[in-house]
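Some notes on the structure that comes next.
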Amino acid sequence: MFGNNDIKVMLTEEQVQEGIKKLGAELNKVYENEELYMVCVLKGAVMFATDLAKNLTMPLKMEFIRLSSYGSGTVSSGKVNAVDISLPDLNDKNVLIVEDIIDTGHTAKFLIDFMNHNFHPKSLKFCSLLDKKIKREVDIDADYYCFEVDDKFLVGFGLDYDGQYRNLPYIGYI
Ligand code: IMP
Ligand code: MG
């Protein structure tokens, strides 16, 4: 167990909020006057999705699904567990999947395949707060992301280590 004082800051609270604001402004142009269904991937994306939502001005509906891929520790298993994936009818809707981080890309691929298999959305886009491009195992890219990050195990702002640190207002590493 590490205390919060052992965390080194990678992105400050101000930097994170600035990045989210910029993305919000971009999305407001993309979806101007269009209804948007945001699908937040719990638990990691909770902070990002709620702060992003506060910066959005189009008619917005917020949905939440729960996945898990990391059992424990810091190495991606590549396996995705759908813990709770109940969603409304998303046929002919603009859907934006909101994730905390893309690492290997398995989770993103699972989600995109799931949406396309179960619905015919009007549009389907993927956005992530963080993108660890260097770790990619699957050929997949975010349509929108705020920050590209190095290959470090990150915590804070929704990201956890063994369930802890999600509440930190910044992104750090141990
Ligand atoms: P992927 O399937 O390997 O792309 O992993 C995506 C998921 O792994 C994310 O939604 C996170 O929940 C988790 N994850 C990946 N990298 C980190 C990290 O550095 N810290 C905490 N969780 C991470
Ligand atoms: Mg996640």
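Just so you know, residue 1 is the first one in the sequence shown, and it goes up from there. Just follow the structure's listing: the first ligand is 1, and inside any ligand the first atom is 1.
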Please determine whether any non-hydrogen atom of [X] lies less than 4.0 Å from an atom of ligand 1.
X: A108; answer: no
X: D160; answer: yes
X: K152; answer: yes

**OP:** Kindly confirm or rule out an N or O of F153 lying under 3.5 angstrom from an N or O of ligand 1.
**Re:** no
Original post:
With only distance considered, is V155 within less than 3.5 Å of ligand 1 through an N or O on each side?
Top reply: no
For ligand 1, the portion of [X] having any non-hydrogen atom under 4.0 Å away:
X: V80; value: neither
X: E137; value: neither
X: K135; value: neither
X: L159; value: side chain

Quiz: residues 46-66 side-chain donor-acceptor pairs under 3.5 angstrom, not counting sequence neighbours:
from, atom 1, to, atom 2, distance (Å)
T50, OG1, V46, O, 2.9
T50, OG1, M47, O, 3.1
D51, OD1, K54, NZ, 3.0
D51, OD2, Q17, NE2, 2.8
N55, ND2, D51, O, 2.9
T57, OG1, N28, OD1, 3.2

Original post:
Is there a side-chain contact between F126 and L111 (heavy atoms, below 4.5 Å)?
Top reply: yes
**OP:** Would you check if I101 and L154 make a side-chain contact, meaning some heavy-atom pair closer than 4.5 Å?
**Re:** yes
State the atoms of ligand 1, each with its element, that fall below the 4.0 Å cut-off from a heavy-atom position in [X].
X: G105; answer: 1 (P), 3 (O), 4 (O)
X: E99; answer: 10 (O)
X: L154; answer: 18 (C), 19 (O), 20 (N), 21 (C)
X: T104; answer: 1 (P), 2 (O), 3 (O), 4 (O)
X: K132; answer: 16 (N), 17 (C), 18 (C), 19 (O)

**OP:** Kindly determine whether L11 and Y170 satisfy side-chain contact (heavy atoms from CB on, under 4.5 Å), including the steps that lead there.
**Re:** CA-CA 6 Å; L11 294 164; Y170 54 88; over 6 Å; no
**OP:** Using the salt bridge (Lys or Arg N to Asp or Glu O under 4.0 Å) rule, collect all pairs that involve residues 12-25, keeping only residues at least two apart or in two chains.
**Re:** none
**OP:** Determine whether more than 12 heavy atoms belonging to other residues, nucleotides or ligands lie under 6.0 Å from atom CG of D84.
**Re:** yes
Original post:
Using 4.0 Å as the upper bound for N to carboxylate O, is an ion pair formed by R166 and D160?
Top reply: yes
Original post:
Hey, looking at atom 9 (C) of ligand 1, which of D100, T107, V41, D162 has the closest heavy atom?
Top reply: D100
**OP:** Answer yes or no on whether K152 is positioned over the face of Y173, meaning its NZ or CZ is under 6.0 Å from the six-membered ring centre and within 45° of the axis.
**Re:** yes
Subject >> Check against side-chain contact (heavy atoms from CB on, under 4.5 Å), Y144 and S128 >> reply: CA-CA 6 Å; Y144 309 100; S128 184; over 6 Å; no
Original post:
Which pair of heavy atoms, one from I102 and one from G105, lies closest together, and at what distance?
Top reply: CG2-CA, 3.8 Å
